[in-house]
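Here is the structure we will look at.
Keep in mind it's a predicted model, so treat the numbers as computed, not measured. First listed ligand is number 1; within each ligand, the first listed atom is number 1. The basis for the numbers below is simple: all heavy atoms, side chains too, and nothing from hydrogens, waters or symmetry mates.
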Amino acid sequence: MISANDPKLKSWVAVPGESDFPIQNLPFGIFKTKYLTAVAGVAIGDFVLDLVYLHEHGFLDDLNLPIGVFNQKYLNDFFSLGRKKVGEVRGRISELLRHDHSFLRDNKQAREMSLIPMTETQLLLPVSIPNYTDFYSSEEHATNVGSMFRDPKNALLPNWKHLPVGYHGRASSIVISGTPIRRPKGQIKSPDDELPSFCPTRKLDFELEMAFITCSNTALGKGIPVKEAEDHIIGFVLFNDWSARDIQQWEYVPLGPFLSKNFGSTISAWVVTLDAMESFRSEGPEQIPHVLPYLAVEGNKNFDVQLEVLIQADKSEPTTVCRTNFKYMYWSPAQQLAHHTVNGCNIQVGDLYASGTISGPSPGSYGSMLELTWNGQRPLHMPDGTERKFLEDGDTVIMRGHAANGKVRIGFGECRGKLLPAS
Ligand code: CA
């Protein structure tokens with residue numbers, strides 16, 4: 001059988017050269033149209049392939065899929081079938097879309113019914129998210145933040161290189177790309193103020209992250225060994241962890257961020273499978289001091305995904321403010337999940353685990369305004385002549401990501417959100 005990742009594969013569906021969605025990607029999502037309520041689909045080029053249609057018309061027969069598994073608001077039930085079964089479905093779709101495979105290609109009615117131009121669809125949250133965790137796994141980001149707020153000489157706290165630091169975030173306010181975000185109000189107290197005041201945040205920021213989604217329900221009390229961790233990861237999305245820095249600075253002691261983060265987080269619509277990312281594995285940074293045995297991994301557990309952030313001022317052109325790469329992360333997804341569950345914490349299907357802000361080594365690769373402008377000291381210059389210390393009302397933040405190896409390029413689509421004024 002030909003691998004769905006084979007760079008030589010071509011589809012009979014026309015795929016533009018720089019498309020995020022060639023036949024080697026085939027990410028899963030949930031969409032609706034004028035005629036369809038929320039159903040599962042796969043992205044191919046500029047089209048969405050309707051999985052309900054394919055399932056109901058016999059194109060996925062002999063895969064033993066539960067009836068109605070794609071005719072749902074979320075992908076949780078489908079993902080709960082596990083990586084192997086989801087991989088089989090991806091393999092079958094790859095076959096159906098291959099240029100030399102006639103079954104769907106030459107069936108005019110099925111082709112026209114199942115392939116929907118993406119412009120005629122509305123993409124929805126792909127999974128119902130029971131739990132959301134945010135890590136803090138970029139050494140460069142943690143060092144930058146530690147230097148700014150504490151001490152450049154001891155920027156990393158003593159635990160940082162021994163465990164992937166994280167906290168439990170808020171799942172209910174995670175929204176799909178394209179959903180506007182309202183500037184939050186909260187308690188703010190600058191070091192010079194005697195008392196806190198209540199007002200809209202003046203330091204609204206983005207955080208460029210990626211997030212993985214899990215596909216199993218484990219039993220409470222049973223951890224996931226690091227060697228098995230990737231068996232529980234179905235795929236990845238882009239993630240914007242919007243942050244109100246002034247609210248954060250006042251509230252975060254001693255338990256970490258709270259209202260500075262939970263007013264909204266944005267994810268991209270297509271779940272790019274870990275299977276599709278196999279071709280883009282990358283070595284992680286060397287971990288010194290050596291990690292404890294339960295976190296020790298062999299082989300390449302990082303992923304080479306090129307990332308960028310653009311800011312688009314109202315009625316202006318978008319401009320790139322950051323370019324970085326997911327491969328810089330000090331702690332890999334496998335280590336994050338092993339650590340998360342080593343105490344017996346159970347995981348659920350659809351859980352979202354965000355990487356933490358992804359910053360690279362150079363100033364242009366920092367994954368937040370806080371770092372890019374060094375807490376407002378070095379404003380960014382926008383194409384319309386204005387400056388940005390933090391985000392302004394009307395700004396749209398656009399995150400994009402793709403993996404490329406010279407033979408194949410697969411992408412994540414967009415993670416986009418426009419900032420509305422405080423209510
Ligand atoms: Ca974060």
Side-chain angles (χ1 to χ4, degrees), residues 129 131-150 155-157 159-160 163-175 177 181 184 186 201 203-213 236-268 305 307-309 311 321-322 324-326 328-333 335-337 339-340 351-360 365-373 375 390-391 397-399 401 412 415-417 419:
I129 303 166
N131 303 286
Y132 152 50
T133 297
D134 195 20
F135 286 97
Y136 190 58
S137 289
S138 155
E139 182 172 359
E140 287 79 4
H141 173 68
T143 303
N144 287 339
V145 174
S147 303
M148 251 180 275
F149 290 124
R150 284 189 307 273
L156 290 184
L157 288 168
N159 60 5
W160 200 90
L163 57 87
V165 168
Y167 70 98
H168 288 299
R170 184 77 191 169
S172 68
S173 53
I174 297 176
V175 296
S177 177
I181 295 289
T201 173
K203 292 191 174 181
L204 192 72
D205 202 353
F206 62 80
E207 287 190 340
L208 169 62
E209 307 194 20
M210 293 197 65
F212 67 81
I213 293 169
F236 290 81
V237 292
L238 303 172
F239 187 83
N240 184 352
D241 183 18
W242 302 88
S243 300
R245 299 300 180 193
D246 40 11
I247 296 172
Q248 184 177 353
Q249 200 170 2
W250 170 231
E251 75 174 0
Y252 88 104
V253 185
L255 289 185
F258 187 34
L259 305 188
S260 56
K261 304 273 189 176
N262 71 3
F263 60 92
S265 319
T266 307
I267 63 170
S268 54
V305 181
L307 298 163
E308 64 172 342
V309 182
I311 298 177
V321 296
C322 156
T324 185
N325 197 305
F326 189 36
Y328 294 130
M329 302 310 281
Y330 190 84
W331 297 102
S332 64
Q335 290 176 315
Q336 290 170 338
L337 193 56
H339 180 68
H340 201 303
D351 282 355
L352 194 96
Y353 302 81
S355 58
T357 306
I358 303 166
S359 291
S365 65
Y366 296 164
S368 66
M369 297 286 276
L370 178 69
E371 295 163 87
L372 289 165
T373 71
N375 200 15
F390 287 92
L391 297 168
V397 177
I398 305 158
M399 296 177 174
F412 287 78
C415 177
R416 169 189 285 264
L419 181 60

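For the 3.5 Å distance criterion, the side chains of E251 and S260 qualify, holding a donor opposite an acceptor.
The Ca ion (ligand 1) lies closest to atom OE1 when only the N/O/S atoms of E207 are considered. Checked against the Ca ion (ligand 1), the N, O or S atom of E209 at the shortest distance is OE2.
Between OD2 of D134 and OD2 of D241, the angle at the Ca ion (ligand 1) works out to 80°, rounded to 10 degrees.
For T324 (side chain) and Y366 (main-chain N/O), no donor-acceptor pair under 3.5 Å exists by modelled atom type. Looking only at distances, no side-chain donor or acceptor of D205 sits under 3.5 Å from a matching main-chain atom of S243. A donor-acceptor contact shorter than 3.5 Å is absent between the side chain of R416 and the backbone of I398.
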